[in-house]
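Notes follow the structure.
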Amino acid sequence: MSSHPSSSDPSGSASGSFHRLHPKVQRWVWTQGWKELRGIQEVAIAPIIEGTQDVILSASTASGKTEAAFLPICSRLAEDSGGSVRAIYIGPLKALINDQFERLDGLCDGLGIAVHRWHGDVSQGHKARLLKSPAGILLITPESLEALFIRQGSALASLFSSLEHIVIDELHAFIGTERGCQLQSLLHRVELTLRRNVPRVGLSATLGDMTLAAEFLRPGAGEKVRLCNSDSGGGELLLQLRGYRKRTPDARRLAPGEDEESSDGLPEDEHDVGAHLFKTLRGTHNLVFANSRANVELYADLLRRMCEQAQLPNEFFPHHGNLSKELREEAEAALKARQRPVNLVCTTTLEMGIDVGAVQSIAQVGVPPSVASLRQRLGRSGRKGGPAVLRLYLQEAELTKTSPLPDQLRMRLVQSVAMLELLLTNWFEPPASGAFHFSTLVQQLLSLIAQHGGVKAGEAFSALCQAGPFARVSREDFVHFLRGLGQRELLSQSSDGTLLLGRVGERIVNQYSFYAAFASVEEFRLVASGRTLGTMPIDQPLFVGTYLIFGGRRWRVLAVQGDEKVVELEPAPAGRVPMFESTGVGGVHDRVREQMRAVYAGDGIPRYLDARAQELLAEARATFQRWGLSERSIITSGREVHVFPWAGDAVVHTLALSLQASGLSVETLGAVLSVEGMQSDVEGALRGLVAEGPPRAEALTTHVANMALEKHDGFVPEDLLARDYAARYLDVQGAWRAAQRVLQ
DNA sequence: GACCTGCTGCGGCGTG
């Protein structure tokens with residue numbers, strides 16, 4: 001492409017902000033052969049090039065958001081050069097930073113703008129070069145920025161002295177998390193160091209209510225954030241929910257001499273799902289979301305063997321967080337190349353970030369974790385005008401006389417239907433909010449002390465709480481928090497009152513694991529013929545001779561080297577799906593449970609259900625009617641009383657703790673509470689709850705055995721920890737209202 | 001009944 005005739009001039013688009021870009025940037029756009037700027041790129045130019053306000057750019061995956069931010073930013077940087085870093089890009093993944101580095105380098109090359117990347121895999125030589133002559137754009141992770149504060153605390157002010165922009169990629173991935181809270185604190189600390197505001201640009205997938213994202217980007221002034229949205233809108237969606245009956249063990253047909261762990265170690269139910277996946281997906285490119293790493297391994301192994309049986313080259317590869325980077329990148333590259341059929345069986349690893357190109361369809365095996373994540377997964381399919389295709393596979397147990405009520409009510413199927421209905425109305429869960437994040441406050445306080453060598457309590461409160469991201473922590477709470485950290489030797493105080501690192505604090509800060517706000521477990525490394533396949537939690541019982549499925553293949557343990565935490569494997573004909581550590585706390589939203597009730601009470605049959613799923617839905621509704629659940633929400637079945645609050649996990653959890661506090665023995669079965677005893681006792685306890693008003697969270701959390709879930713929670717005073725726990729996992733108002741509803 | 005992300009300094013060794 002040598003010339004740029006005006007007929008294909010990108011400036012020909014309607015609103016015409018193109019001319020505001022630097023001439024050299026305009027030329028770069030032409031040389032890319034772009035006919036016109038994408039919508040988001042067009043609307044982003046004016047607010048970013050002015051360089052005074054915070055902006056959120058929201059659009060679907062692969063809509064050119066990065067360029068939307070950097071065309072105007074580079075236009076400013078090309079004008080003149082400063083003697084320090086002029087723009088920081090913060091990304092959640094090293095792989096994403098590497099991707100963006102390649103893309104930006106092409107743009108910046110002709111503009112004379114330096115581009116640096118800084119994360120754990122970047123050599124010390126490159127890092128030293130930036131420190132020596134800081135300039136241009138810096139691409140960095142939150143953890144590496146944290147390390148800069150601690151290691152280069154005194155040099156930061158000059159390193160960033162002419163900083164004009166901070167870009168945050170995948171903003172939605174940070175909201176509501178410890179890591180996001182750390183990021184907010186780092187952004188604030190950059191501004192404190194420079195003694196001025198630096199405009200922020202957040203790049204995000206479309207979130208329903210963007211005001212939350214705006215408030216996250218600029219705490220306390222979210223209403224001033226400029227929102228630029230260019231959602232191409234929902235295209236056509238082809239949807240199917242396939243129902244399967246899981247056979248009970250005695251109903252399974254077993255060949256003589258075979259047990260359940262027979263030739264391939266799988267019950268037939270997974271075969272049914274696997275057979276349909278194989279038949280439907282083979283020969284094309286698709287993503288299969290299987291919810292857990294264990295299920296990813298199970299289906300990847302099953303589908304690979306189906307390829308072998310059909311004498312085809314393997315088309316199915318696993319992808320999850322415990323697989324080695326090498327294996328994951330191979331799988332990603334194979335899919336992206338489009339040279340042969342490739343299907344990836346994955347966890348949440350492929351929901352965001354890495355670009356593998358659009359796929360023919362999405363398969364979801366099992367209940368999706370949330371409507372929001374289902375939507376994100378769906379976004380991977382159906383680009384370029386074609387329809388998005390989603391197949392949901394759901395197994396429900398074959399019923400017997402002793403089947404538990406949730407099975408009889410087909411709750412997994414009904415929850416999935418409810419979530420699909422909500423997806424179709426364009427609703428999805430807002431990101432979490434309301435936590436205090438004391439664990440991350442521990443980290444940020446220690447980091448602040450390390451950065452400056454010491455800090456006054458009042459200054460720390462002002463920097464982190466008053467004007468920082470921990471605004472919900474009062475002065476009184478902060479003093480109490482400091483005392484707790486002092487007792488645990490994280491802090492000490494000099495004679496003039498300056499806070500210093502204590503014996504334990506010093507030790508924590510000097511470990512490199514300190515830079516991450518989240519915790520990680522020690523793991524074994526799995527090695528076959530000198531090649532690292534990935535890792536497994538260290539508490540796994542592994543012995544020589546143990547059979548294992550990993551990386552979608554079958555292995556036998558050859559040796560376990562405890563000192564080096566290495567497990568050597570050799571190929572084997574048999575295998576067993578490994579158990580991975582799991583500590584998940586559920587998070588089903590109120591709205592999903594309300595919709596489930598509507599699905600039970602309604603009589604419409606969604607068109608996307610296959611014949612088996614329709615049968616299962618009919619069974620669910622028959623059970624619902626038989627128990628009279630449209631009129632009442634508390635029933636007795638055998639020795640158990642079942643309570644149906646039709647509310648989210650926070651309400652269910654709060655009710656369970658309230659009933660426990662009244663001396664009852666309670667078990668939570670997803671949406672249902674199962675209580676031992678007489679219905680009158682349960683009703684009495686609920687009436688007591690209603691009479692007393694919303695329960696006090698402090699009273700309920702005394703029944704929670706382990707509230708220390710986040711990295712530094714062990715250092716946080718118990719009462720503050722209880723408040724954080726309540727803010728995250730309980731809903732006292734909702735539980736009180738639910739108790740009233742249940743009794744009606 | 002879950003999932004994901006990240007990381008420094010330094011000693012020891014081999015190679016140019």
Side-chain angles (χ1 to χ4, degrees), chain A residues 90-98 118-125 127-128 131 140-152 169-170 172-183 186 289-297 318-323 325 328 345-354 364-370 372-374 376-377 395 404 406-407 411-412 415-416 432 440 443 447 450 508-521 523 534-535 537 579-588 649 652-653 667-672 709-711:
Chain A
I90 302 176
L93 304 174
K94 289 185 288 192
L96 198 55
I97 286 175
N98 292 341
W118 186 307
H119 57 63
D121 297 344
V122 172
S123 75
Q124 295 197 352
K127 292 176 180 173
L131 293 177
I140 194 167
T141 60
E143 289 73 20
S144 284
L145 188 54
E146 186 77 65
L148 269 180
F149 270 101
I150 292 170
R151 305 266 152 205
Q152 311 289 338
D169 206 354
E170 306 273 9
H172 55 277
F174 287 109
I175 301 177
T177 66
E178 293 304 315
R179 206 178 180 206
C181 185
Q182 173 190 26
L183 173 62
L186 292 171
F289 288 94
N291 286 2
S292 68
R293 288 167 289 190
N295 272 342
V296 164
E297 289 293 349
H319 195 281
H320 60 73
N322 282 69
L323 278 176
K325 187 177 154 188
R328 284 164 66 167
V345 188
C346 57
T347 55
T348 59
T349 40
L350 289 174
E351 255 177 42
M352 71 163 195
I354 295 90
Q364 163 71 44
V365 182
V367 184
S370 67
S373 112
L374 190 59
Q376 188 88 359
R377 293 171 183 191
Q395 297 166 320
D407 279 355
M411 287 202 132
R412 296 156 45 78
Q415 183 178 338
S416 302
T440 301
Q443 184 207 30
S447 171
I508 296 173
V509 171
N510 285 326
Q511 286 164 350
Y512 75 99
S513 57
F514 177 72
Y515 307 131
F518 50 89
S520 53
V521 290
E523 295 187 308
T535 57
M579 308 266 291
F580 291 94
E581 183 143 319
S582 60
T583 52
V585 180
V588 178
D649 280 349
V652 173
H653 187 38
E667 196 190 351
T668 307
L669 308 168
V672 192
L709 299 173
E710 300 297 342
K711 190 174 185 180

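In what follows, every chain begins at residue 1, and chains take the letters A, B, ... in the order their sequences are listed.
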Looking at residues at least two apart in the chain, or sitting in another chain, which of them share a salt bridge (charged side-chain N to carboxylate O under 4.0 Å, His left out) with [X]?
| X | value |
| --- | --- |
| A:Arg328 | none |
| A:Lys94 | A:Asp121 |
| A:Glu143 | A:Arg179 |

Using side chain to side chain donor-acceptor pair (under 3.5 Å) as the criterion, list what pairs up with [X], not counting sequence neighbours.
| X | value |
| --- | --- |
| A:Asn295 | none |
| A:Thr348 | none |
| A:Glu178 | A:His437, A:Thr440, A:Arg728 |
| A:His319 | A:Glu332, A:Thr349 |

Protein-nucleotides 13-16 of chain B N/O pairs closer than 3.5 Å?
none

Base-contact (B) and sugar-phosphate-only (S) positions in nucleotides 4-9 of chain B, heavy-atom cut-off under 4.0 Å, - elsewhere: SBBBBB

Rounded interatomic separation in angstrom, taking [atom1] from [X] and [atom2] from [N]:
| X | N | atom1 | atom2 | answer |
| --- | --- | --- | --- | --- |
| A:Phe174 | B:dC3 | CZ | C1' | 16 Å |
| A:Arg377 | B:dC3 | CZ | C1' | 9 Å |
| A:Leu709 | B:dC3 | CG | C1' | 15 Å |

Heavy-atom side-chain contact between A:Arg412 and A:Asp407 under 4.5 Å: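 They are not in contact (no side-chain heavy atoms under 4.5 Å apart), so the answer is no.
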
